[in-house]
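Whatever order the structure lists ligands and atoms in, that order sets their numbers, starting from 1.
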Amino acid sequence: MQQYLALCQRIIDEGIWIENQRTGKRCLTVINADLTYDVSNNQFPLITTRKSFWKAAIAEFLGYIRGYDNAADFRKLGAKTWDANANENAVWLANPHRKGPDDMGRVYGVQGRAWRKPNGEHLDQLRKIVNNLSQGIDDRGEIMTFYNPGEFDLGCLRPCMHTHTFSLLGDTLYLTSYQRSADVPLGLNFNQVQVFTFLALMAQITGKKPGLAYHKIVNAHIYEDQLELMRDVQLKREPFPLPQLEINPDIKTFEDLETWVTLDDFKVEGYQCHEGIKYPFSV
Ligand SMILES: Nc1nc(=O)c2c([nH]1)NC[C@@H]1CN(c3ccc(C(=O)N[C@@H](CCC(=O)O)C(=O)O)cc3)CN21
Ligand SMILES: O=c1ccn([C@H]2C[C@H](O)[C@@H](COP(=O)(O)O)O2)c(=O)[nH]1
């Protein structure tokens, strides 16, 4: 929690105003942030200085793991986070590759589960990683990347958290996640939950102990219409101790994640937080 608040404060103290063409808004911006989460001691990095909708963050990530390409499928799982990008962005609405309402195109999980090869076949990056880790193999390339510049025009948004690398040291599993762009008040709050949960889940289904998760961010920003709420409300509050994430121990395989798992299989213990803050969202 301290590292999140320190990043927010750093943006306010040292950030530079940058005009963002895609959204037409200015962003107070810093470059480079490194966050670390202690998954081995179950220190769930949930924001406590406002109410966090952590279930939607896990639902969104479960959708990526399943390779979803449609905002309706995300809604069914419990995340409304893709509605605006799939249905309200003028550039995507005018894109001839958009298949209709709620289509997101070839973004995120589609690349993770079905990367297109030149011969027309598809490559499942995540299944390869699960298979290797389950056998105790780390080939120093246990990488899932959503970043496919050759297909950017086939999707509604370039991935923000774009690459996840797993590493094994003995029977302890580590994760390093890379993010090119972070909306610190809204998106980062979700992304922290996702990095933590991804390592915890992968350790559970591959039979490894979870270690640390490293979250590396390049462009970290606060949009101009979010600044006042962050500076004058959220940063004035005292944080509470971190809660713990409880995952249903019956989740044992990759197929479990792909089929029956829902948000009911995740619980947070000991979450104390200040009241919610509604930050503006930019499409
Ligand atoms: N400008 C922007 N920021 C983002 O964080 C973001 C995008 N765009 N586009 C793609 C995804 C969608 N994500 C989102 C979208 C919405 C919320 C959001 O509205 N969160 C609210 C309420 C969530 C709820 O009620 O479930 C929050 O207070 O956290 C968060 C992340 C993250 N990403
Ligand atoms: O997981 C996510 C997804 C998106 N974001 C934020 C970061 C930016 O504010 C926008 C994306 O805009 P770009 O112009 O493509 O950078 O969404 C996030 O923080 N986390």
Within ligand 2, which atoms have a heavy atom of S181 less than 4.0 Å away?
7 (C), 8 (C), 16 (O), 18 (C), 19 (O)
Check whether any heavy atom of Y223 sits under 4.0 Å from an atom of ligand 2.
yes
Here's a test for you: under ring-ring contact (aromatic ring centres under 6.0 Å, His included), which of Y178, F61, Y64 qualifies with H164?
F61
Judged on heavy-atom distance to atom 30 (C) of ligand 1, which of F190, F74, W82, W54 sits nearest?
F190
Please state which option from C160, C27, G187, A57 has its nearest heavy atom closest to atom 5 (N) of ligand 2.
C160
Please report which non-hydrogen protein atom sits nearest to atom 20 (N) of ligand 2, along with the residue it belongs to and the distance in Å to one decimal place.
N191 OD1, 2.8 Å
Yes or no: does R50 have any heavy atom under 4.0 Å from an atom of ligand 1?
yes
With a 4.0 Å heavy-atom cut-off (strictly under), which part of D183 contacts ligand 1: side chain, backbone, both or neither?
side chain
Using a strict threshold of under 4.0 Å (side-chain N to carboxylate O), is an ion pair present between R26 and E19?
no
What protein heavy atom lies closest to atom 12 (O) of ligand 2? Include the residue and the distance to one decimal.
R22 NH2, 2.8 Å
Just to confirm my output: which protein heavy-atom neighbour is closest to atom 6 (C) of ligand 2, and how far is it?
D183 CB, 3.7 Å
Below 4.0 Å from any atom of ligand 2, is there a heavy atom belonging to R158?
yes
Roughly how far, to the nearest 0.5 Å, is SG of C156 from CG of D69?
10.0 Å
Using the ring of each side chain (for Trp, its six-membered ring), is Y174 parallel, tilted or perpendicular to Y214, with breaks at 30° and 60°?
parallel
Would you tell me which option among F281, F53, Y279, Y223 has the nearest heavy-atom contact to atom 7 (C) of ligand 1?
F281
Are any of the heavy atoms in Y108 under 4.0 Å away from ligand 2?
yes
Could you name the option among N85, N189, T23, D83 that has the heavy atom nearest to atom 10 (C) of ligand 1?
N85
Mode of V283 contact toward ligand 1 - side chain, backbone, both, neither (heavy atoms, under 4.0 Å):
neither
Any idea which atoms of ligand 2 are less than 4.0 Å away from a heavy-atom of R180?
13 (P), 15 (O), 16 (O)
Quick one: which ligand 2 atoms are inside 4.0 Å of a heavy atom on Q179?
18 (C), 19 (O), 20 (N)
Contact between ligand 2 and H221 is defined here as a heavy atom of the residue under 4.0 Å from a ligand atom; is it met?
yes
